**Student:** 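First the structure, then my questions, so here it is.
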Number of protein chains: 2
Amino acid sequence: MLFGEYVRKKREMLKATDRRFSVRQVARRIGVEPAYLSKVERGEVAPPSEAKIRALAEELGEDPDVLLAMAGKVSSDLLEVIRKRPQLFAQLIRELKTLPDHAILRLVREVRDGDW
Amino acid sequence: MLFGEYVRKKREMLKATDRRFSVRQVARRIGVEPAYLSKVERGEVAPPSEAKIRALAEELGEDPDVLLAMAGKVSSDLLEVIRKRPQLFAQLIRELKTLPDHAILRLVREVRDGDW
DNA sequence: CAGCATGTGTACTTTATAGTACACAGTTAA
DNA sequence: TTAACTGTGTACTATAAAGTACACATGCTG
């Protein structure tokens with residue numbers, strides 16, 4: 001699903017029961033012009049900056065990492081982590097690239113619970 | 001160490017025993033103007049694009065991921081991997097953020113050798 | 001039914017990115 | 001000693017990113 005398409009769907013859903021989720025009002029709350037948000041939702045322009053996407057995620061109750069991914073971006077805090085130890089993380093991520101979700105989840109849990 | 005500084009040092013080292021590593025000749029081989037490479041090495045302008053950095057890494061015998069990191073970038077193939085499963089990888093990377101190198105290396109090996 | 005709210009079209013702007021093109025002075029090598 | 005090669009200063013360019021500003025027709029509502 002495209003970024004704008006997804007945002008529009010979610011916003012319209014919220015609008016159905018709460019009129020505070022109009023294009024204009026959401027735009028105002030996340031700090032952009034209404035015309036811009038409208039264009040973003042219709043895919044007429046590229047998705048906004050990371051900061052605006054975060055604000056939008058907050059507003060819509062969505063996972064910022066997911067919304068960023070839909071926008072073709074990766075959270076800058078993750079980039080920072082990788083940038084600090086590029087070989088280590090590059091190796092790991094390429095290793096995990098083809099693993100199924102459950103295997104990666106297992107890894108996450110192992111690290112979280114284990115004595116690492 | 002800054003990107004340009006590092007590149008200059010490495011290139012000068014190679015140049016010491018092989019005159020094919022002048023600014024001009026390296027620039028030509030990686031496909032940029034000599035003046036531009038000169039400015040990059042002296043930090044007068046920002047580091048080049050990912051593609052040029054890759055060519056430079058190849059040329060200098062350096063790890064592209066490391067050079068990219070010095071340039072403040074992350075390899076686009078890694079971004080792609082994360083973008084495809086943002087929640088999973090975001091969770092994992094944030095979990096690993098503070099782990100020591102050896103722990104992450106252990107993880108890499110475990111995944112590579114184990115039955116995942 | 002007047003008035004505010006709504007979504008969107010059009011036109012423009014600002015800043016960053018990623019460089020090119022050319023000239024010039026100093027260095028080296030034949 | 002001249003021809004080529006070297007590094008760099010200056011000026012410029014093209015494209016993308018990330019929006020703003022305003023006008024307009026439509027629609028709801030109190």
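Remember, predicted model here, so these are calculated numbers, not experimental data. By convention in this document, chain letters (A, B, ...) are assigned in the order of the sequence lines, proteins followed by strands, and residues within each chain are numbered from 1.
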**Student:** Output all residues satisfying side chain to side chain contact (heavy atoms under 4.5 Å, CB included) with B:Glu59, sequence neighbours left out; order by chain, then residue number.
**Tutor:** B:Phe21, B:Val26, B:Arg29, B:Ile30
**Student:** How many whole angstroms separate atom CD1 of B:Ile53 from atom P of C:dT17?
**Tutor:** 12 Å
**Student:** Grab the CZ-P distance between A:Arg42 and C:dG7 for me, whole Å please.
**Tutor:** 11 Å
**Student:** Rounded to the Å, how far apart are A:Arg19 CZ and C:dA5 C1'?
**Tutor:** 11 Å
**Student:** Which pair of non-hydrogen atoms, one from A:Pro47 and one from A:Phe3, has the smallest distance, and what is that distance?
**Tutor:** CB-CD2, 3.7 Å
**Student:** Whole angstrom is fine here: how far is it from CD in B:Glu44 over to C1' in D:dG7?
**Tutor:** 12 Å
**Student:** Does the pair A:Glu80/A:Arg83 count as a salt bridge with the N-to-O cut at 4.0 Å?
**Tutor:** yes
**Student:** Does a sphere of radius 6.0 Å around CZ in B:Arg42 hold more than 12 heavy atoms from other residues, nucleotides or ligands, not counting ones at 6.0 Å or beyond?
**Tutor:** yes
**Student:** Report whether A:Ile82 and B:Leu88 are members of the same hydrophobic cluster (ILVMFWY, side-chain heavy atoms less than 4.5 Å apart, transitive linking).
**Tutor:** yes
**Student:** Could you check whether B:Arg8 gets within reach of a base, just the sugar-phosphate, or nothing at all, counting any heavy atom under 4.0 Å?
**Tutor:** sugar-phosphate
**Student:** In whole angstroms, how far is the C1' atom of D:dA18 from the CG atom of A:Leu68?
**Tutor:** 15 Å
**Student:** Using heavy atoms and a sub-4.0 Å distance, could you list which residues of residues 55-62 of chain B are near DNA chain D? By number, please.
**Tutor:** none
**Student:** For A:Val81, does its backbone N or O pair with a side-chain atom of B:Lys97 as donor and acceptor, under 3.5 Å?
**Tutor:** no
**Student:** Counting only heavy atoms not in B:Glu58 (residues, nucleotides, ligands), do more than 12 fall under 6.0 Å from its CD?
**Tutor:** no
**Student:** Could you check whether atom CD of A:Glu110 has more than 12 heavy atoms from other residues, nucleotides or ligands sitting under 6.0 Å from it?
**Tutor:** yes
**Student:** Do you know the tightest heavy-atom contact between A:Arg54 and A:Pro64?
**Tutor:** NH1-CB, 3.7 Å
**Student:** Rounded to the Å, how far apart are A:Arg28 CZ and D:dT20 C1'?
**Tutor:** 16 Å
**Student:** Rounded to the nearest angstrom, tell me the gap between atom CZ in B:Arg11 and atom C1' in D:dT8.
**Tutor:** 12 Å
**Student:** Expressed in angstrom and rounded to an integer, what is the separation of B:Glu12 atom CD from D:dT8 atom C1'?
**Tutor:** 13 Å
**Student:** List the protein contact pattern of nucleotides 18-23 of chain C with one symbol per nucleotide (5' to 3'): B for base contact, S for sugar-phosphate-only contact, - for none; contact means a heavy-atom distance under 4.0 Å.
**Tutor:** SBBBBB
